[in-house]
> 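There's a structure below that I have some questions on.
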2 protein chains.
Amino acid sequence: MRTKSTRTTSRAATRKSVSKSASKSVSRTAPQARAAARAPLPVNTIINGDSIEELAKLPDASVDLVFADPPYNLQLEGELLRPNNTRVDGVDQEWDQFASFAEYDKFTRAWLAEAHRVLKPTGTLWVIGSYHNIFRVGVALQDLGFWVLNDIVWRKSNPMPNFRGRRFTNAHETMIWASKDRNAKGYTFNYDAMKALNDDLQMRSDWVLPICSGGERLKDDQGNKAHPTQKPESLLHRVILASSNPGDVVLDPFFGTGTTGAVAKKLNRKYVGIERDAQYAEVARKRIDRISHADPESLEVTQGKRAQPRVPFGTLVERGMIEPGTVLYGPGKRFKAKVRADGSLVVTGASGSIHKIGAHVQGQEACNGWTFWHLKTDAGLTPIDVLRQQVRAEGSV
Amino acid sequence: MRTKSTRTTSRAATRKSVSKSASKSVSRTAPQARAAARAPLPVNTIINGDSIEELAKLPDASVDLVFADPPYNLQLEGELLRPNNTRVDGVDQEWDQFASFAEYDKFTRAWLAEAHRVLKPTGTLWVIGSYHNIFRVGVALQDLGFWVLNDIVWRKSNPMPNFRGRRFTNAHETMIWASKDRNAKGYTFNYDAMKALNDDLQMRSDWVLPICSGGERLKDDQGNKAHPTQKPESLLHRVILASSNPGDVVLDPFFGTGTTGAVAKKLNRKYVGIERDAQYAEVARKRIDRISHADPESLEVTQGKRAQPRVPFGTLVERGMIEPGTVLYGPGKRFKAKVRADGSLVVTGASGSIHKIGAHVQGQEACNGWTFWHLKTDAGLTPIDVLRQQVRAEGSV
DNA sequence: CTGACATATGAATCGTGGC
DNA sequence: AGCCACGATTCATATGTCA
């Protein structure tokens with residue numbers, strides 16, 4: 001099984017390259033020096049090591065999707081925890097607080113910078129957090145050049161109630177979804193699949209899903225939960241389905257017990273997980289080994305018109321489906337135009353594509369000529385889009 | 001009227017008393033110099049001036065509650081057309097323009113520092129924003145020593161859709177609720193009032209409320225909206241009811257058309273508003289003048305029992321109740337279809353929702369997929385509607 | 001007066017690919 | 001890299017119009 005290959009094995013294969021990079025610490029001040037030595041992406045692998053160090057070893061622009069569930073920097077009664085779970089102990093609490101935030105910011109910027117480097121230009125990143133850390137994460141990623149596409153609220157249908165009655169029940173967590181930069185084009189968003197998931201209404205930025213419990217919750221031998229913050233697979237299902245395609249590589253730098261890898265495998269995506277805790281990594285490995293891929297057909301997803309092949313209007317004329325000289329009508333016969341042999345339309349004073357002339361006669365900026373123009377038939381007006389669908393159905397494009 | 005009293009008149013009245021507290025200022029830029037001149041808080045007043053400058057003139061520790069709806073720094077480019085080619089009227093006002101994140105951060109820290117100074121030790125602060133600005137606001141207030149109590153999600157029941165199908169519908173905004181510092185004791189949280197508002201269940205951190213429209217939306221003489229981002233009174237009603245008591249002073253440094261003041265007056269709180277735009281301030285003044293204190297209809301109407309919550313079929317797939325690839329059967333096994341990962345069904349030659357495909361295979365116009373499609377179990381065929389009822393019973397929608 | 005139908009609009013960071 | 005053609009894309013409400 002793929003999932004058995006470990007970082008160690010793949011490292012052995014390229015020992016030389018790795019030993020070089022190992023000597024360099026995580027500094028972001030010149031990762032270029034290391035780049036030549038980076039091994040190819042170890043796919044369907046759980047890397048047991050520190051997130052920042054191990055991210056630094058991955059090649060540039062190699063990953064389609066990052067999902068990250070970093071430490072939340074929870075500041076509980078009487079103690080402050082560093083990202084590495086050591087306690088901050090100081091005398092002055094205000095100083096503690098500042099030190100804690102500053103350290104957390106430093107940690108956050110370090111792993112986000114590596115995640116940015118590792119992402120393909122068309123890749124996107126998800127980070128989940130709560131009010132303890134999500135603002136710091138958001139600022140860090142904006143400052144690093146990521147461009148926020150949405151913030152998504154996971155509304156927990158069964159949150160833990162507030163016991164003291166001094167605050168509102170904390171019933172949600174927040175995810176940030178971001179592209180690599182402001183002008184990033186071509187990122188994956190399976191709009192129509194999301195719409196299908198939501199009874200043919202656009203998927204909104206607030207998702208109602210139950211927390212991970214019951215049989216899905218991994219337990220250790222004593223029956224205690226194996227990980228304190230295991231995320232529900234339903235959440236990852238939606239994230240991965242929305243923003244990746246089968247065969248894509250999904251990276252999770254805080255792998256925990258491997259929910260990201262489990263769902264990625266179920267959905268025929270590849271995964272790379274980084275986890276510092278060997279015990280979590282082992283639980284994750286076993287979990288993922290038990291999972292089988294789905295059959296490819298059921299992983300096909302509702303496609304919109306964008307995914308369909310383009311058919312130039314001229315094709316219909318060339319193939320004799322529309323004769324030169326045919327008159328096309330706008331809705332309700334309020335407009336007419338004549339088809340020319342090259343697939344352009346003429347009206348008095350103008351000629352051009354079906355779209356341009358459609359816009360022109362209506363005095364508008366833009367127009368979809370396929371749905372605007374109609375043929376007169378015995379049964380009334382038929383949109384020319386029907387002919388396009390015929391061509392596509394013939395598979396001749 | 002109260003709202004006519006100006007900054008100048010109220011300052012003259014009590015110059016002396018303020019000079020004592022002046023030496024204690026928190027701010028980092030040194031507004032101490034001005035402090036000696038601070039007049040008592042001008043209550044039930046709209047101050048027409050710059051937020052930061054006018055905040056600096058208010059006395060220390062004099063306010064019970066701050067509600068702030070600062071500029072979001074939207075960074076819109078070009079125009080956006082709806083599918084029907086009508087133009088979306090975006091926020092292009094000068095007051096929402098900032099040169100960079102750094103400029104926005106500077107602005108944010110300046111007004112938040114003054115808000116911190118002006119708050120009583122038991123006071124709390126609310127800020128509302130979207131993903132464009134809320135992370136910057138959150139970091140700034142954490143760095144200034146505010147202690148986050150909750151982040152509250154306003155889930156809009158009727159948001160504007162995403163017109164290009166490139167992102168999730170941006171269907172919520174975020175509010176941060178914070179106390180003055182980590183150890184602040186005795187802040188107001190009307191737990192039982194919130195519980196009563198929520199059918200005797202603890203009020204959660206996600207609130208479903210409609211946007212401000214219809215008769216509540218203020219219009220100018222031409223019938224255009226008086227302010228591009230007017231907030232619904234229901235939102236302020238819940239905020240003010242939760243975190244203040246009658247007689248308390250509520251300060252809004254970005255008063256706009258005065259929703260905060262209007263609701264404060266209805267609920268017998270005092271208000272102080274700061275608004276730079278004289279026209280907005282004038283609209284707000286007239287609006288608040290029309291309101292009488294004892295207005296009995298200030299009771300929330302948005303709660304009430306909801307209809308049966310909608311459960312998309314895709315939910316069952318996401319939650320693992322139905323695996324992608326599962327075969328569903330029509331009554332008597334006369335029809336079959338396969339479930340895909342996005343909750344759509346496939347039969348040979350077609351795919352779509354459970355309803356659409358149910359209709360398709362029968363050659364009918366419409367079909368209730370919930371009762372038509374069945375799962376094969378040991379006991380025979382079970383309608384998928386049973387699973388929907390299960391989801392509803394769990395209350396997890 | 002009522003119901004059916006049409007129109008208007010809201011804090012919006014809203015394309016892609018070929019030449 | 002820049003330009004430009006192609007052509008895809010909306011939900012919940014409130015209000016207006018007409019029969």
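Letters A, B, ... are given to chains in the order of the sequence lines, protein chains preceding strands, and every chain is numbered from 1. We use all heavy atoms of the structure for the numbers below, so side chains are in, but hydrogens, waters and symmetry mates are not.
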> Compute whether any side-chain donor of one residue and acceptor of the other, for Arg388(B) and Thr315(B), lie under 3.5 angstrom apart.
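No, because no side-chain N or O of Arg388(B) sits under 3.5 Å from a partner of the opposite role on Thr315(B).
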
> Would you kindly give the CG-to-P distance between Asp89(B) and dT10(D), to the nearest whole Å?
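In whole Å, dT10(D) P and Asp89(B) CG are 21 Å from each other.
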
> Taking syn as any angle within 90 degrees of 0 and anti as the rest, which one fits dT13(D)?
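It is anti.
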
> For the residue pair Trp147(A) / Tyr187(A), report whether a side-chain donor-acceptor contact shorter than 3.5 Å exists.
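Absent: no donor and acceptor within the cut-off.
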
> Would you please confirm or rule out a distance under 4.0 Å between OP1 or OP2 of dA5(D) and any side-chain N or O of Lys356(A)?
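Result: yes.
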
> Under 4.0 Å from a heavy atom of chain A: give me the 5'-most and 3'-most nucleotides of DNA chain C that qualify.
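From 5' to 3', the first and last contacting nucleotides are dT13(C) to dT16(C).
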
> Please give, in whole Å, the distance from dT9(D) P to Arg166(B) CZ?
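After rounding, the gap between these two atoms is 10 Å.
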
> Starting from the C-alpha separation in whole Å, work towards a yes-or-no answer on side-chain contact (heavy atoms from CB on, under 4.5 Å) for Asp64(A) and Thr188(A).
CA-CA 9 Å; Asp64(A) 297 286; Thr188(A) 298; over 6 Å; no

> For Ile354(A), does its backbone N or O pair with a side-chain atom of Trp373(A) as donor and acceptor, under 3.5 Å?
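Yes.
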
> Name the residue closer to the 5' end of DNA chain C, choosing between Trp95(B) and Asn162(B) according to the nucleotide with the nearest heavy atom.
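Looking at the nearest nucleotide for each, Trp95(B) comes out on the 5' side.
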
> Base, sugar-phosphate, or nothing for Thr169(B), non-hydrogen atoms under 4.0 angstrom?
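Nothing, no heavy atom under 4.0 Å.
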
> To the nearest Å, give me how far apart CZ (Phe163(B)) and C1' (dC11(D)) are.
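Whole-Å distance recorded here is 8 Å.
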
> Distance only, no hydrogens: is a donor on one side chain within 3.5 Å (strictly under) of an acceptor on the other, for His355(B) and Asp199(A)?
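On atom types as modelled, these side chains do not qualify, holding no pair under 3.5 Å.
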
> Of Ala366(A) and Ser157(B), whose closest DNA chain D nucleotide lies nearer the 5' terminus?
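Its nucleotide being nearer the 5' end, the pick is Ala366(A).
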
> Between dT9(D) atom P and His355(A) atom NE2, what is the distance in whole Å?
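About 14 Å, once rounded to whole Å.
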
> On the 0 to 90° scale, with breaks at 30° and 60°, tag the Tyr104(B)-Phe98(B) ring pair as parallel, tilted or perpendicular.
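Plane angle over 60°, so perpendicular.
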
> Should Asp206(A) and His172(A) be marked as a side-chain hydrogen bond (donor to acceptor under 3.5 Å, both in side chains) after you check the CA-CA gap, both sets of side-chain angles, and the distance that decides it?
CA-CA 10 Å; Asp206(A) 54 325; His172(A) 74 277; over 6 Å; no

> Is dA11(C) paired to anything, Watson-Crick or G-U wobble with both distances less than 3.5 Å, and if yes, which nucleotide?
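Its partner: none found.
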
> Quick one: on DNA chain D, does Trp370(A) or Arg82(B) contact a more 5' nucleotide (nearest heavy atom)?
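Looking at the nearest nucleotide for each, Trp370(A) comes out on the 5' side.
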
> Could you tell me which nucleotide pairs with dA8(D) by Watson-Crick or G-U wobble geometry, both distances under 3.5 Å, or answer none if nothing does?
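Because no pair has both required distances under 3.5 Å, dA8(D) counts as unpaired.
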
> Send over the distance from Asn190(A) CG to dT9(D) P, rounded to a whole Å.
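So the two atoms are 13 Å apart, to the nearest Å.
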
> Whole-Å distance between dG7(D) C1' and Asn84(B) CG?
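In whole Å, dG7(D) C1' and Asn84(B) CG are 16 Å from each other.
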
> Quickly work out the Asp200(A) CG to dC11(D) P distance and round it to whole Å.
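After rounding, the reported distance stands at 9 Å.
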
